[in-house]
Structure formats: structure tokens, C-alpha cells
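Notes to accompany the following structure.
The chains referred to below are lettered A, B, ... by the order of the sequence lines, with proteins before strands, and numbering in each begins at 1.
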Amino acid sequence: MSKSSKYYVVWEGYEPGIYSSWTDCKLKIQNYPNAKYKSFPSLEEAKEAYAMGFFNYQKQKKATSKTFSTEGIEWNSIAVDAASSGNPGKMEYRGVVTKTKQVLFHMGPFPNGTNNIGEFLALVHGLAFLKNKKSELPIYTDSKIAMSWIRQKKCKTKLARNSENEKLFELIKRAELWLATNSFKTPILKWQTKAWGEIPADFGRK
RNA sequence: ACAU
DNA sequence: CGATGT
Ligand SMILES: [Mn+2]
Ligand SMILES: [Mn+2]
């Protein structure tokens, strides 16, 4: 049931609002002249689009689709990303559903981590998460470094160990152990930021 | 140079 | 402007 949970915004119709089924939506726009309505993959996106109104929604959509294309994205996937305050600095990472940005996991912040450690841990967490769910979905990352470290099954950070980051190095050890003892066929895909904009798991701080 |  | 990495 949560599979086909699209949301429908009706800006202009017999009863404007947000509906959770096409059946309900159709009732409000059927035979209504020039009805303004559209489906969204998540309630959050529907609320935002409804709040901004039809005209502003179309304007913003045009502005961003002018900069970025959406072609070639594997929407049936998850996406991971890391962020830090300072590098090295307070680091966190998360994984989301690509299509909806629904957060699947979020770890940290951990003191004194690097961007690349975060991207690496995020990917391993994603792999373990999908295996645990018996899911064959691919994973997107925007980090070439993390992709390469996963191929080598090794976090090749140059960060020096200290009292602040011992927890983090423990996590790294666990991640490497997971890679050494688990098989996966999860396709690891490069998110093409230049063409598509920020990865859906991005923390939006830049 | 490329990717964060 | 600074840092993490191949
Ligand atoms: Mn990233
Ligand atoms: Mn990011």
C-alpha cells in the first residue's frame, strides 16, 4: 500500500487541496475547465507545491529544469551522502529514497571525521541496509573516492587517530569487516551532480 | 585534472 | 578561502 502512495495536488478544481489517491483527485477535477493538478511522489513535495500555488510552482520548475536535466537517473534506487562541519570536523551521513528523499538512516554527527570517511561509511551502511532488507535496489553516491574504497574494501583515509575519533575508527573497522565478510550485487552508481544537481541525500548546507 |  | 582524496 505504501508502494503506490502518490499524492495529488489540486490547485484549481471543485475542491482544491491534497489527495492521496487518483480516485479522490479525479472527482475534484473531472469536467472542471482548465483544472490545475499534478501528482507528487511524497506528501512533503505535494505540500510545498500546493503552498506555493500553481503559478509559482511552474515558475520554479522551469527555473531548475533549465539548469538540470533528469535524464538517465535510476529513480528506483537509494542515495547516500555525507556532510561535515569542518574537514576534518563534525561529520554525519545519511541514506534516502531517491524518488522521495525519505530518510532511511542517519548517523552521527561524529567528532573529527573527514568528508571521505563519511561518504565511505554511508555507502557501506547503505549496502548493509539493502542486504538486510533483501533489496536489490542500486545505490547512488556522488563520491568517486568512496566508490574506489568500496572496490578495495578498504578505507584509505590519511586522518590521524586521536582521542576524539576513536569511535569513528571503530566504525570504520566494523565497516571494513562487513565488506570482508559479506557479498553483494548491489550496483553502486555515480550520481552525476553536474548534470542532475545535488544528490537527493544531500544535506543542503553549501 | 577529477570527485567531494 | 580552507580541507579530503585518486
Ligand atoms: Mn557527497
Ligand atoms: Mn552533499
Side-chain angles (χ1 to χ4, degrees), chain A residues 63-131 135 137-206:
Chain A
T64 55
S65 68
K66 211 133 208 134
T67 312
F68 299 118
S69 157
T70 195
E71 189 184 302
I73 297 177
E74 180 52 71
W75 290 106
N76 203 207
S77 62
I78 73 169
V80 298
D81 196 26
S84 79
S85 169
N87 190 23
K90 203 189 285 184
M91 180 275 287
E92 65 196 302
Y93 69 81
R94 70 178 178 179
V96 307
V97 177
T98 301
K99 214 185 322 185
T100 63
K101 299 185 175 175
Q102 183 204 329
V103 177
L104 299 171
F105 53 84
H106 180 182
M107 297 291 284
F110 306 100
N112 194 233
T114 70
N115 60 333
N116 294 323
I117 290 173
E119 302 274 16
F120 171 78
L121 291 177
L123 251 191
V124 177
H125 196 126
L127 290 169
F129 177 88
L130 290 172
K131 178 159 188 169
S135 167
L137 293 185
I139 302 189
Y140 273 113
T141 174
D142 62 21
S143 170
K144 290 202 316 191
I145 300 293
M147 291 178 82
S148 118
W149 289 1
I150 293 289
R151 280 191 298 268
Q152 302 169 71
K153 299 185 180 300
K154 184 77 189 162
C155 174
K156 293 186 61 186
T157 185
K158 292 162 184 169
L159 181 66
R161 292 179 197 240
N162 61 41
S163 48
E164 308 274 311
N165 59 34
E166 52 187 285
K167 269 262 185 43
L168 199 55
F169 275 91
E170 188 52 46
L171 269 186
I172 292 170
K173 201 162 86 178
R174 274 182 51 191
E176 288 172 341
L177 179 62
W178 189 92
L179 290 172
T181 54
N182 287 272
S183 64
F184 58 90
K185 15 187 222 346
T186 305
I188 297 174
L189 309 176
K190 177 66 176 71
W191 181 265
Q192 298 186 32
T193 306
K194 282 232 161 91
W196 303 338
E198 287 285 1
I199 194 168
D202 180 54
F203 287 80
R205 297 172 179 171
K206 295 190 308 295

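For RNA chain B, the span of nucleotides reached by chain A at under 4.0 Å from its heavy atoms goes, 5' to 3', from C2(B) to U4(B).
A heavy-atom distance below 4.0 Å to RNA chain B is reached by none of the residues of residues 122-130 of chain A. Residues from residues 100-111 of chain A with heavy atoms under 4.0 angstrom of RNA chain B: there are none. Contacts between residues 153-163 of chain A and RNA chain B, defined by a heavy-atom separation under 4.0 Å, are absent. A heavy atom closer than 4.0 Å to some atom of DNA chain C occurs in no member of residues 191-206 of chain A. Contacts of residues 145-152 of chain A with DNA chain C (heavy atom under 4.0 Å): I145(A), W149(A).
Regarding M91(A), its CE atom lies at a distance of 14 Å from the C1' atom of dA3(C), rounded to whole Å. One interatomic measurement links the two molecules: CG of N112(A) to P of dT4(C), which rounds to 10 Å at whole-angstrom precision.
Residues satisfying the side-chain contact (heavy atoms from CB on, under 4.5 Å) criterion with N115(A), sequence neighbours excluded, are N87(A). Looking at residues two or more places apart in sequence or on another chain, you find a side-chain contact (heavy atoms from CB on, under 4.5 Å) between K206(A) and E198(A), D202(A). With sequence neighbours excluded, the residues that form a ring pair (Phe, Tyr, Trp, His ring centres under 6.0 Å) with F129(A) are F105(A). Listed by chain and residue number, E136(A) satisfy the side-chain hydrogen bond (donor to acceptor under 3.5 Å, both in side chains) test with K185(A) (two or more places apart in sequence, or in another chain).
L121(A) is not listed as a side-chain neighbour of M107(A), based on a closest heavy-atom distance of 4.5 Å or more. Taking 4.5 Å as the limit, some side-chain heavy atom of I150(A) sits within range of a side-chain heavy atom of L127(A). Side-chain contact between K99(A) and P200(A): absent, with no pair of heavy atoms (C-beta onward) separated by less than 4.5 Å. Using a 4.5 Å heavy-atom cutoff, the side chains of E74(A) and L189(A) are in contact.
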Side-chain atoms of residues 164-175 of chain A: list all donor-acceptor pairs with protein atoms under 3.5 Å, sequence neighbours left out, distances to 0.1 Å.
unit_1	atom_1	unit_2	atom_2	d
N165(A)	OD1	N162(A)	N	2.9
N165(A)	ND2	N112(A)	OD1	2.6
N165(A)	ND2	A160(A)	O	3.1
N165(A)	ND2	N162(A)	OD1	3.4

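Considering every non-hydrogen atom in both L179(A) and V124(A), the closest pair reads CD1-CG2, 3.9 Å. Minimum heavy-atom separation, C155(A) to W149(A): SG-CZ3, 3.6 Å. E71(A) and W196(A) make their closest contact through O-NE1, 3.2 Å (heavy atoms, listed as atom of the first residue, atom of the second, distance).
Legend: salt bridge (Lys or Arg N to Asp or Glu O under 4.0 Å) pairs involving residues 145-157 of chain A, not counting sequence neighbours, sorted by first then second residue: K154(A)-E176(A).
Put simply, CD on E92(A) and NE2 on H106(A) are 3.5 Å apart, with the number rounded to the nearest 0.5 Å. For the atom pair Y140(A) OH and D81(A) CG, the distance stands at 14.5 Å (nearest 0.5 Å). Here the CG atom belonging to D142(A) is positioned 5.0 Å from the CD1 atom belonging to I199(A), to the nearest 0.5 angstrom. Atoms OG1 and CD1, on T141(A) and I78(A) in that order, are 11.0 Å from each other to the nearest 0.5 Å. A distance of 7.0 Å separates CH2 of W191(A) from OG of S77(A), quoted to the nearest 0.5 Å.
Counting non-hydrogen atoms under 4.0 angstrom, N116(A) reaches a base of the nucleic acid.
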